[in-house]
Trainee: 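Have a look at this one.
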Amino acid sequence: MSEPFEAGALADALVDAEPWTAPRREEIRVVRAPGRVNLIGEHTDYNEGFVLPAAIDLEIRIAYLPTDDRRVELVRLDTGQRDGFELDTPRPRAGTWLDYVAGTAWALAEAGLQLTGLRGVVASTLPTSAGLSSSAAIELASAWALLDDRAAEVDRFELARRCQRAENGYVGVMGGLMDQFAESCGVAGSALFLDCRSSAWRAVPLPPGVDLVVLHTGSPRQLGRSEYNVRRSQCEAAVAALARDDPGIHSLRDVTPMALAAEAGTLEPVEFRRARHIVSENDRVGATVRALEGGDLAAVGELFAASHASLRDDYDVSSPELDAMVEIAVAVPGVIGARMTGAGFGGCTVNLVRPDAVGALRAAVLDRYPARTGLTPMILPVRTAFGAGRVA
Ligand code: GLA
């Protein structure tokens with residue numbers, strides 16, 4: 001990334017974009033929101049299941065000065081694009097990046113929170129369309145800027161819910177809570193275990209001697225949005241069919257692998273496979289937490305492999321590129337586990353790697369992945385990070 005990213009450089013960029021801020025340079029604030037990578041628990045969040053994501057140190061930052069004119073205007077430093085809206089005038093969705101900012105303003109105002117007008121610049125080290133949730137990151141960074149000094153008073157989990165509401169109710173994408181949750185509540189050094197039904201969560205420290213490497217396939221998530229909604233309806237259809245025999249079933253969270261196997265005949269074959277992924281994935285999240293806490297990395301590797309296979313064969317959201325990336329990675333000695341991460345249909349894999357094997361993984365990916373797919377991979381070693389907030 002060539003755009004500026006340190007707080008001082010971002011303040012300079014704001015002064016360049018908005019020369020009137022020059023005399024008030026000392027008052028410029030910088031907020032940040034991280035991306036996220038999901039370790040395990042894929043497509044389980046909208047089924048009231050379990051997830052284990054982590055916030056990462058690739059992030060979006062906004063440098064801004066509050067104004068009292070009720071206008072929000074931002075300049076993207078990567079493209080130079082400037083766009084804005086009035087806080088008190090309803091703005092219809094426009095199909096652009098600003099929708100995430102305007103949607104967040106709408107969702108925060110809906111909750112009765114007081115917002116400030118502002119002028120700002122936006123910078124990012126987080127690749128877009130990669131499955132690392134840059135959309136949730138722009139929402140959370142916007143929330144911290146729009147709420148200004150009041151942001152710290154809002155509960156982090158509640159803020160995540162507001163940003164999810166922005167995406168569901170304004171942008172029109174029906175995602176679950178995992179992304180906004182991870183990016184709001186992130187804890188450096190840890191993954192976050194969330195029960196999407198009760199909202200109970202806790203940090204799960206990553207054991208020492210485990211590095212996180214994100215591998216981008218170089219194929220963007222294209223079919224993602226429509227296929228995502230298809231998967232959601234298939235899960236709902238499975239629940240409806242299962243609830244006919246057992247009215248106690250309200251979501252796939254309520255179904256055990258054994259109970260599901262017994263119902264194989266009641267479900268359409270596709271619905272059965274979708275449900276089998278969710279039900280088995282929920283079990284794998286709990287098992288992964290126990291294995292991480294017990295230091296059993298071999299078990300973590302097996303759980304990652306089973307998760308990837310289930311997403312590929314039962315949930316049908318992998319791609320030849322994601323499969324190739326996982327196969328190349330797991331053949332490298334010192335790679336503990338590898339699987340696709342996020343919604344699928346392109347994007348990234350998540351890899352747990354012994355620190356001394358990161359070089360070999362990089363070499364193997366650069367050597368074998370382009371030859372197998374014709375695509376250029378991106379190798380992103382990442383660290384876990386804290387959730388969104390003000391940069392000191
Ligand atoms: C996207 C959604 C999340 C989650 C994942 C799949 O990232 O935004 O809520 O459903 O896909 O696990």
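The residues of the chain are indexed from 1 along the displayed sequence. Indexing begins at 1, ligand by ligand and atom by atom, following the structure's order.
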Trainee: Would you indicate whether the side-chain heavy atoms of Leu215 and Leu361 approach each other to under 4.5 Å?
Mentor: yes

Trainee: Judging by distance only, is a nitrogen or oxygen of Asp179 under 3.5 angstrom from one on ligand 1?
Mentor: yes

Trainee: Would His43 count as being in polar contact with ligand 1, using the rule that some N or O on each side must be under 3.5 angstrom apart?
Mentor: yes

Trainee: Which atoms of ligand 1 are found less than 4.0 Å from any heavy atom of Tyr46?
Mentor: 10 (O)

Trainee: Phe181 versus Arg161: any side-chain heavy-atom pair under 4.5 Å?
Mentor: no

Trainee: For ligand 1, which atoms sit closer than 4.0 Å to a heavy atom of Arg36?
Mentor: 7 (O)

Trainee: Out of Arg36, Glu139, Arg162, which residue meets the side chain to side chain donor-acceptor pair (under 3.5 Å) rule with Gln180?
Mentor: Glu139

Trainee: Which of the numbered atoms in ligand 1 are under 4.0 angstrom from any heavy atom belonging to Met178?
Mentor: 4 (C), 5 (C), 12 (O)

Trainee: Any idea which of Asp45, Leu311, Val173 brings a heavy atom closest to atom 3 (C) of ligand 1?
Mentor: Asp45

Trainee: Under a 3.5 Å cutoff, is there a donor and acceptor pairing between the side chains of Asn47 and Thr44?
Mentor: no

Trainee: Give a yes-or-no answer on whether the side chains of Glu236 and Ser233 include a donor-acceptor pair shorter than 3.5 Å.
Mentor: no

Trainee: Hey, which atoms in ligand 1 end up nearer than 4.0 Å to a heavy atom of Glu42?
Mentor: 6 (C), 12 (O)

Trainee: Under 4.0 Å, heavy atoms only, figure out whether ligand 1 is touched by the backbone of Glu167, its side chain, both or neither.
Mentor: neither

Trainee: At their closest point, which heavy atom of Asp148 faces which heavy atom of Pro66, and how far apart are they?
Mentor: OD2-CG, 3.7 Å

Trainee: Number the atoms of ligand 1 from 1 as they appear, then name those within less than 4.0 Å of a heavy atom of Tyr228, with their elements.
Mentor: 1 (C), 2 (C), 3 (C), 4 (C), 9 (O), 10 (O), 11 (O)

Trainee: Could you list the atoms of ligand 1 found under 4.0 angstrom from a heavy atom of Gly176?
Mentor: 9 (O)

Trainee: Carefully, step by step, assess Asp12 and Arg25 under the rule salt bridge (charged side-chain N to carboxylate O under 4.0 Å, His left out).
Mentor: CA-CA 8 Å; Asp12 290 342; Arg25 190 181 178 288; 2.8 Å; yes

